[in-house]
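Below: the structure, in structure tokens.
The model shown is predicted, which means the values in this text are computed figures rather than measured ones. We number each residue from 1, following the sequence as shown. Start at 1 and go down the list; that is how both ligands and their atoms are numbered.
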Amino acid sequence: MNDEKKYGFTTTILHSDRQKPIEHGSLHKPIHTSVAFGYRDARELAAVFQGRQPGYRYGRQGNPTVAALEDKINRMEQGNATICFSTGMAAIGAVVQALVREGDHIVSSAFLFGNTNSLWQTVNVQGADVSMVDATDVRNVEAALTAATRIVFVETIANPRTQVADLARIGQLCRERGILYIVDNTMTSPYLFQPKAVGASLVINALTKSIGGHGNALGGSVTDTGLYDWNRYPHIVESYKRYPVAQWGIAQIRAKGLRDFGASLGPEAAHHLAVGAETMALRVERECANALALAQMLDADERVAAVYYPGLASHPQHEISRELFRAFGGLLSFELKDGIDCFDYLNRLRVAIPASNLGDTRTLVIPVAHTIFYEMGAERRASMGIAESLIRVSVGIEDTEDLLEDFGQALGE
Ligand SMILES: *Cc1c(COP(=O)(O)O)cnc(C)c1O
């Protein structure tokens, strides 16, 4: 495989490790557990520290197994550079730690992963302002901008109600205003969508979800797409300006986020995630097909009050989703009609498992208001359109008939 030719998504990921020599012809990048990296010539160690020579120094800042995964994610997102973190939240937290200062303003989608929502509250307490807006319409984002706005943050498909942000128009707006546009791509995965196509500056992925895909390792990543002109960002520390402008942002996120913040991905987890990544496209295709079939079945059942899935023609952002995404994702949610208790329903399922994760090979279900969105309280839940009976389904790769049969039988005769 030569790096010049363009290969398909899966071919590229499967063969990415081999683009650099691997010890003993190993087909997997080995798990390098060493924390420190030694040099015969002490001058070389100094050169690595000073950024004059590539190399590893200490595990918190970089590790060869993790670097191989960073390269994979970077290829998936067609980025300039990618950094991995211990979790998806660590990736988002590191960006905030590295780039946001007191007095800054962030505009964020109000339809948000619960823990990111909670992170914005922390950011607020620490002196930066966060405006939460309905990002399905760019006009709401534009109306919220102030002279202090540094960042616009959105997710692709929001969990659990599946609202889709006005991704392309927000990208256009941020480009015009020189604002850093951060897109959390976790719910679509780089197989279904590459946020670079809509002008994203930084792309977040929770590797824990579709990329790792087996619910056996946590991880997160930040990719710089190369589209943002870091000259326009006011908080770049002088010492990172010795690099070419295109690297300023990622250098600061690596130093502040990884070195100072310390949320580094371990090599064993990186190995699990890299193995998972090899089959992502196959898994995600199956999950999307299963999710569409399940959404259509539930939608047609009169005992179900509402189904939220971008693949349904009735979904408000169905057309935008068709334009932007390869398929509609593996996440759906639904409300049962009054009279069917959501806990009783979940307890009747035999295949789907009540558990809190997404993008697993197994189908997982969760009563949203009583678990992941419990802490935020009824008022904020209502403002996010989350009914007390809402059930979120992270659709797995089981055989389609088995899933349909399971969700059907749990509705009763
Ligand atoms: C899960 C998730 C995260 C956080 O990832 P962790 O690895 O669990 O920290 C961030 N954003 C979205 C959209 C997620 O689904």
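- Aromatic pair His271/His28: ring centres closer than 6.0 Å.
- Annotation: Asn159 places no N or O atom under 3.5 Å from an N or O atom of ligand 1; distance criterion only.
- Counting heavy atoms from C-beta outward, Leu265 and Thr65 have side chains that stay 4.5 Å or more apart.
- Listed by atom number, the atoms of ligand 1 under 4.0 Å from Thr87 heavy atoms are 7 (O), 9 (O).
- The nearest heavy-atom contact from the protein to atom 7 (O) of ligand 1 is Thr208 OG1, 2.6 Å.
- In the vicinity of Leu358, heavy-atom distances shorter than 4.0 Å reach the ligand 1 atoms 15 (O).
- Residues satisfying the salt bridge (charged side-chain N to carboxylate O under 4.0 Å, His left out) criterion with Arg259, sequence neighbours excluded, are absent altogether.
- Among all protein heavy atoms, the one lying closest to atom 9 (O) of ligand 1 is Met89 N, 2.9 Å.
- Of the heavy atoms in Thr186, only side-chain atoms (C-beta onward) come closer than 4.0 Å to ligand 1.
- Other residues, nucleotides and ligands contribute at most 12 non-hydrogen atoms within 6.0 Å of the CZ atom of Arg322.
- Nearest to atom 12 (C) of ligand 1 among the protein's heavy atoms is Asp184 OD2, 3.4 Å.
- Scanning the protein heavy atoms around atom 6 (P) of ligand 1, the nearest turns out to be Gly88 N, 3.3 Å.
- Contacts between Leu207 and ligand 1 below 4.0 angstrom, taking non-hydrogen atoms only, are absent altogether.
- In this structure, the ring of Trp120 has its center less than 6.0 angstrom from the ring center of Phe153.
- A centroid separation of less than 6.0 Å is found between the aromatic rings of Tyr191 and Phe9.
- Contact annotation: the side chain of Tyr345 never approaches that of Val365 to less than 4.5 Å [non-hydrogen atoms, C-beta and beyond].
- Counting only heavy atoms of the protein, atom 4 (C) of ligand 1 lies nearest to Phe113 CE2, 3.5 Å.
- Ring geometry for Tyr56 against Phe37 counts as tilted: the plane angle lies between 30° and 60°, on a 0 to 90° scale.
- If you check which protein heavy atom lies closest to atom 15 (O) of ligand 1, you get Lys209 NZ, 2.7 Å.
- Close contacts of ligand 1 with Gly219, meaning ligand atoms under 4.0 Å from a residue heavy atom, involve 7 (O).
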